[in-house]
Amino acid sequence: MWVKKPKCKSHECAVKIDSYKRLPTSCSVMSVFNRYSDSKAARIYFVKNNGLLSILDVSERILKSGREMKVCVQTDVSYKFFEWFPLALKNFMRSPSEGGLYAGVM
C-alpha cells in the first residue's frame, strides 16, 4: 500500500492509530459521535494525538459470510484547522459574484 510522506517534522507528527479500542499512551479521546442516529456501528472519534487532532472514522459490520469487517480511517489536522475551516466554509457558501469561491476550488 502506498503511504503519503508526512509534511511535518518527526517530533510533531501524529502517532498512527491501529485500533480505536487500544490507543497509544500519547493519545486520548476527546469526543465520540455516532455517524447515524440509528446505528452504533459507524462512529467518529476525535482524539488528541501529540498536539494534533486525529479524526477517526470507524465502521464495524458483519459480512454475509459471517466474517467481521472493521475499518478505521485516520485523518490528522493541526488545531489551526479550526481557524481556517469556518472562514473557508463561509467563502465557499458565497457565490463567486459576492467574492466567494468558484466550484472545485475547495
Side-chain angles (χ1 to χ4, degrees):
M1 181 169 92
W2 178 77
V3 178
K4 187 176 181 180
K5 184 178 178 184
K7 294 182 178 180
C8 56
K9 297 174 186 168
S10 62
H11 68 277
E12 57 186 35
C13 285
V15 175
K16 183 178 183 303
I17 298 172
D18 294 321
S19 171
Y20 70 96
K21 293 180 180 178
R22 293 182 311 277
L23 293 175
T25 56
S26 61
C27 299
S28 62
V29 174
M30 296 168 59
S31 189
V32 180
F33 296 95
N34 290 340
R35 182 189 259 182
Y36 310 108
S37 60
D38 62 342
S39 172
K40 292 185 179 180
R43 293 182 172 179
I44 296 178
Y45 288 76
F46 292 89
V47 178
K48 285 183 184 179
N49 188 343
N50 286 346
L52 297 172
L53 172 67
S54 291
I55 303 168
L56 304 179
D57 186 354
V58 176
S59 298
E60 298 177 331
R61 63 183 163 141
I62 305 295
L63 301 175
K64 289 181 181 179
S65 65
R67 206 174 101 222
E68 187 177 42
M69 183 179 89
K70 295 180 181 182
V71 177
C72 182
V73 178
Q74 178 177 345
T75 303
D76 301 310
V77 295
S78 73
Y79 290 108
K80 291 183 181 182
F81 170 81
F82 294 111
E83 297 172 12
W84 168 83
F85 185 73
L87 289 172
L89 188 58
K90 183 179 175 182
N91 288 333
F92 181 75
M93 301 288 282
R94 292 188 304 185
S95 68
S97 64
E98 297 172 338
L101 302 172
Y102 58 90
V105 171
M106 203 168 182

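In what follows, residues are counted from 1 in the order of the sequence shown.
- The two atoms that bring Tyr20 and Leu56 nearest to each other are CB-CD1, 4.0 Å, heavy atoms only.
- From Asp76, atom CG reaches atom CG of Asn49 across 6.0 Å, with rounding to the nearest 0.5 Å.
- The heavy-atom pair separating Leu52 from Tyr79 by the smallest distance is O-OH, 3.5 Å.
- Rounded to the nearest 0.5 angstrom, Ile17 CD1 and Tyr45 OH are separated by 11.5 Å.
- Contact record, Val71 with Met69: CG2-CE, 4.2 Å, taken as the closest heavy-atom pair.
- A distance of 11.5 Å separates CD1 of Ile55 from OG of Ser31, quoted to the nearest 0.5 Å.
- In this structure, NZ on Lys70 lies 5.0 Å from CD on Glu60, to the nearest 0.5 angstrom.
- Between Cys27 and the choices Thr25, Val29, Leu23, the side-chain contact (heavy atoms from CB on, under 4.5 Å) rule is met once, by Leu23.
- The aromatic rings of Phe46 and Phe33 stand perpendicular to each other, their planes meeting at an angle above 60°, with 30° marking the opposite boundary.
- The structure places CG of Asp57 at 11.5 Å from CD of Gln74, a figure rounded to the nearest 0.5 Å.
- Atom OH of Tyr36 and atom OG of Ser59 lie 6.5 Å apart (nearest 0.5 Å).
- Linking ILVMFWY side-chain heavy atoms closer than 4.5 Å, directly or via other members, places Ile44 and Phe82 in a single hydrophobic cluster.
- Taking the six-membered ring where the residue is Trp, Trp84 and Phe81 present tilted rings, their angle falling between 30° and 60°.
- Proximity of Val77 to Phe85: side-chain heavy atoms (C-beta onward) are nowhere separated by under 4.5 Å.
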